A.B. asks: 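First the structure, which I've put down as structure tokens, then a few questions once you've had a look.
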Amino acid sequence: MVRLTSTPSVYLHERRRFHDALILNGHAVEAARRLDDRTGEAFALGHLGLASRELRRFDEAIDQLGRVVDLYRELGDRYNEATALSGLGSAYLDADRLDDAVSTLTGAADFFRELGDRPAETDTLTNLASALQQAGRPEEAITTLTEALALYDEIGDRQGKGAALNNLGIALREVHRYEESIAAHTQDLAICREFGDRHGEAKTLNNLASALQRAGRVEESVAAIRQAVEIFEEMDDEHHANLARRNLETVTHAARSAAGRRRWWPFGTGRKERPAR
């Protein structure tokens, strides 16, 4: 009975109906515990943790996914233990517990490498790079992403490559390699549109806008952010829409300030006017 939640959970996740997913999988966890079905409990808790992450209930997600890791370890299911460990690392990343995220995701990547699961290893490396980037270790992030991109090309995973390119763009921006950052985000944007990933497209547009602004391409930056806001609003993602709006305010304010400096520059040269003859 508990396993019947699999298809509905995927359906609800794809349609971003996370509150419904919480209810569904909460009932599934209770049912599994009544039946003493530890595998079913781990399965339902994993989906519950994913929904909690998307709803930004990070402490709950960490507790749920940590329990999933323990259950699969007790069951001797090494593959699902590694999968749960990767999810837990991502939850730590969401909660800004960056040291925990780096150590957990490193362990998960090593686990997948040992198991010979190249796709899962590569996805985990991409998330690890995000943790390294946010922990102020951009050069390590770039190295990790370069490894991930080579693996994505090897296994032919275009969507995974897009996610890695987005993270690479952010890392390159932080080390002031703006044109390379723009190129990475632009490649990711094409991949998101190729697969109809509207949410990913909006996130990439927002990140692309930041790189364009740093490169002094303000009009292009503003256009990209406006597109991002429109998409987030269409998808009822108010959290990311607000982040994009704040990014838009930052860029437009910087543009006005730059225009003001250019306009008033001649009066700040200290030069005296020539007397009229």
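If you read the sequence from its start, that first residue is 1, and numbering goes on from there. Computed over heavy atoms, backbone and side chain alike; hydrogens, waters and symmetry mates excluded. If you're wondering where the values come from, they're calculated on a predicted model, not measured in any experiment.
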A.B. asks: How would you list, by chain and number, every residue that makes a side chain to side chain donor-acceptor pair (under 3.5 Å) with Thr122, sequence neighbours excluded?
C.D. replies: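 Residues passing side chain to side chain donor-acceptor pair (under 3.5 Å) with Thr122: none at all.
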A.B. asks: If you compare all heavy atoms of Ala209 against all heavy atoms of Ala224, which two are closest, and at what distance to 0.1 Å?
C.D. replies: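 Shortest heavy-atom separation between Ala209 and Ala224 comes out as CB-CB, 4.0 Å.
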A.B. asks: Taking only residues two or more places apart in sequence or in another chain, which ones pass salt bridge (charged side-chain N to carboxylate O under 4.0 Å, His left out) with Asp77?
C.D. replies: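 Once residues adjacent in sequence are excluded, Asp77 has no partner under the salt bridge (charged side-chain N to carboxylate O under 4.0 Å, His left out) criterion.
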A.B. asks: State the CD1-OG distance between Ile170 and Ser210, to the nearest 0.5 angstrom.
C.D. replies: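 Atom-to-atom, Ile170:CD1 and Ser210:OG are 8.5 Å apart.
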A.B. asks: If I compare all heavy atoms of Gly160 with all of Tyr152, which pair ends up nearest, and what's the gap?
C.D. replies: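 Where Gly160 meets Tyr152 most closely, the heavy atoms are O-CE1, 3.1 Å.
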A.B. asks: Using atom types as modelled, flag every donor-acceptor pair under 3.5 Å from a side chain in residues 62-73 to any protein atom, sequence neighbours excluded.
C.D. replies:
| from | atom 1 | to | atom 2 | distance (Å) |
| --- | --- | --- | --- | --- |
| Gln64 | OE1 | Ser52 | OG | 2.9 |
| Arg73 | NE | Glu81 | OE2 | 2.8 |
| Arg73 | NH2 | Glu81 | OE2 | 3.1 |

A.B. asks: Look at the aromatic rings of His199 and Phe232 and report parallel, tilted or perpendicular, splitting at 30° and 60°.
C.D. replies: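 It falls in the perpendicular class, over 60°.
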A.B. asks: Hey, does Arg245 have a side-chain heavy atom less than 4.5 Å from the side chain of His240?
C.D. replies: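 Answer no - side chains too far apart.
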A.B. asks: Return the CD to OG1 distance between Glu74 and Thr39, rounded to the nearest 0.5 Å.
C.D. replies: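 If I round to the nearest 0.5 Å, the distance is 11.0 Å.
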A.B. asks: Go through the structure and list residues passing salt bridge (charged side-chain N to carboxylate O under 4.0 Å, His left out) with Glu230, not counting sequence neighbours.
C.D. replies: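 By the salt bridge (charged side-chain N to carboxylate O under 4.0 Å, His left out) rule, Glu230 matches no residue at all.
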A.B. asks: What's the separation between atom CG in Asn80 and atom CG in Leu75, rounded to the nearest 0.5 Å?
C.D. replies: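 It is 9.5 Å, given to the nearest 0.5 Å.
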A.B. asks: Apply ring-ring contact (aromatic ring centres under 6.0 Å, His included) to Tyr92 and list each qualifying residue two or more places apart in sequence or on a separate chain.
C.D. replies: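 With sequence neighbours excluded, Tyr92 shows a ring-ring contact (aromatic ring centres under 6.0 Å, His included) to no residue whatsoever.
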A.B. asks: What are the two closest heavy atoms between Glu41 and Ala32, and how far apart are they?
C.D. replies: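 The pair with the smallest heavy-atom distance is N-CB, 3.4 Å.
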A.B. asks: Taking a hydrophobic cluster as the set of Ile, Leu, Val, Met, Phe, Trp and Tyr residues connected by side-chain heavy atoms closer than 4.5 Å, whether directly or through intermediates, do Leu208 and Val229 fall within one such cluster?
C.D. replies: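 No.
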A.B. asks: I'd like to know if the side chain of Asn247 and the backbone of Leu243 have a donor-acceptor N/O pair within less than 3.5 Å.
C.D. replies: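 Pair absent, no side-chain N/O of Asn247 close to backbone of Leu243.
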A.B. asks: List the atom of Ser181, the atom of Ala211, and the distance in Å for their closest heavy-atom pair.
C.D. replies: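 Closest approach of Ser181 to Ala211: OG-CB, 3.4 Å.
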A.B. asks: Nearest heavy-atom pair of Leu145 and Ala164: which atoms, and what distance?
C.D. replies: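 Of all heavy-atom pairs spanning Leu145 and Ala164, the closest is CD2-O, 3.6 Å.
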A.B. asks: At what distance, to the nearest 0.5 angstrom, does CD of Gln213 lie from OG1 of Thr252?
C.D. replies: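 The CD atom of Gln213 sits 10.0 Å away from the OG1 atom of Thr252.
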A.B. asks: Can you see which heavy atom on Ala215 is nearest to which on Tyr178, and at what distance?
C.D. replies: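 For Ala215 versus Tyr178, the nearest heavy atoms are CB-CB, 4.0 Å.
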A.B. asks: So if you build clusters from Ile, Leu, Val, Met, Phe, Trp, Tyr with side-chain heavy-atom gaps below 4.5 Å, do Val175 and Leu212 land together?
C.D. replies: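 No, Val175 does not connect to Leu212 through the hydrophobic network.
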A.B. asks: Who pairs with Glu219 by salt bridge (charged side-chain N to carboxylate O under 4.0 Å, His left out), at least two apart in sequence or on another chain?
C.D. replies: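 Partners of Glu219 under the salt bridge (charged side-chain N to carboxylate O under 4.0 Å, His left out) test: none.
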A.B. asks: Nearest 0.5 Å please: distance from the CG atom of Asn206 over to the CZ atom of Arg226.
C.D. replies: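 Between Asn206 CG and Arg226 CZ, I get 13.5 Å after rounding to 0.5 Å.
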A.B. asks: Applying side chain to side chain donor-acceptor pair (under 3.5 Å), name anything that partners Glu234, two or more places apart in sequence or on another chain.
C.D. replies: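 Testing Glu234 for side chain to side chain donor-acceptor pair (under 3.5 Å), a comparison that skips the adjacent residues, returns Arg198.
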A.B. asks: With sequence neighbours excluded, what pairs up with Phe111 under the ring-ring contact (aromatic ring centres under 6.0 Å, His included) test?
C.D. replies: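 Per chain and number, Phe111 pairs via ring-ring contact (aromatic ring centres under 6.0 Å, His included) with no residue.
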A.B. asks: Which residues, ordered by chain and number, are linked to Val102 in its hydrophobic cluster, where ILVMFWY side chains connect at heavy-atom gaps below 4.5 Å, directly or through other members?
C.D. replies: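 Leu105, Leu125, Leu128, Leu132, Leu151, all in the cluster of Val102.
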A.B. asks: Asn167 vs Thr126, test: side-chain hydrogen bond (donor to acceptor under 3.5 Å, both in side chains). Steps then yes/no.
C.D. replies: CA-CA 7 Å; Asn167 291 346; Thr126 300; 5.4 Å; no
A.B. asks: Are the side chains of Asp94 and Arg56 in contact, using a 4.5 Å heavy-atom criterion?
C.D. replies: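 When only atoms from C-beta onward are counted, Asp94 and Arg56 do not touch, as no gap falls below 4.5 Å.
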A.B. asks: Only counting residues at least two apart or in another chain, list the ones meeting ring-ring contact (aromatic ring centres under 6.0 Å, His included) with His239.
C.D. replies: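 His239: no ring-ring contact (aromatic ring centres under 6.0 Å, His included) contacts found.
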A.B. asks: What residue pairs, at least two apart or across chains, pass salt bridge (charged side-chain N to carboxylate O under 4.0 Å, His left out) with a residue in residues 156-172?
C.D. replies: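 Of all non-adjacent pairs touching residues 156-172, those that pass salt bridge (charged side-chain N to carboxylate O under 4.0 Å, His left out) are Asp153-Lys161, Arg158-Glu194.
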A.B. asks: Would you check if Arg217 and Ile182 make a side-chain contact, meaning some heavy-atom pair closer than 4.5 Å?
C.D. replies: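 With C-beta onward as the side chain, the pair touches.
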A.B. asks: Between Ser86 and Thr83, is there a donor-acceptor pair closer than 3.5 Å when you use the side chain of the first and the backbone of the second?
C.D. replies: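 No; zero donor-acceptor contacts below 3.5 Å.
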A.B. asks: Answer yes when Arg137 and Glu174 have at least one side-chain N-carboxylate O distance shorter than 4.0 Å, and no when they do not.
C.D. replies: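 Salt bridge between Arg137 and Glu174, a charged N being under 4.0 Å from a carboxylate O: no.
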A.B. asks: Can you name the residues that form a salt bridge (charged side-chain N to carboxylate O under 4.0 Å, His left out) with Arg193, not counting sequence neighbours?
C.D. replies: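 Here the qualifying residues are Glu201.
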A.B. asks: Does a side-chain N-to-carboxylate-O contact under 4.0 Å join Arg214 and Glu179?
C.D. replies: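 No, this pair does not count.
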A.B. asks: Does a donor on one side chain sit under 3.5 Å from an acceptor on the other, for Asp188 and His185?
C.D. replies: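 Asp188 vs His185: no donor-acceptor pair found between side chains.
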A.B. asks: Taking atom CG of Leu85 and atom CZ of Arg78, what is their separation to the nearest 0.5 Å?
C.D. replies: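 Taking CG in Leu85 and CZ in Arg78, the distance rounds to 11.5 Å.
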A.B. asks: Can you check whether Leu189 reaches Leu205 side chain to side chain, under 4.5 Å on heavy atoms?
C.D. replies: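 Result yes, sub-4.5 Å side-chain heavy-atom pair found.
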A.B. asks: Is Thr104 reaching over with its side chain to a backbone N or O of Ala101, donor-acceptor style, under 3.5 angstrom?
C.D. replies: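 Side chain of Thr104 to backbone of Ala101: no pair is present.
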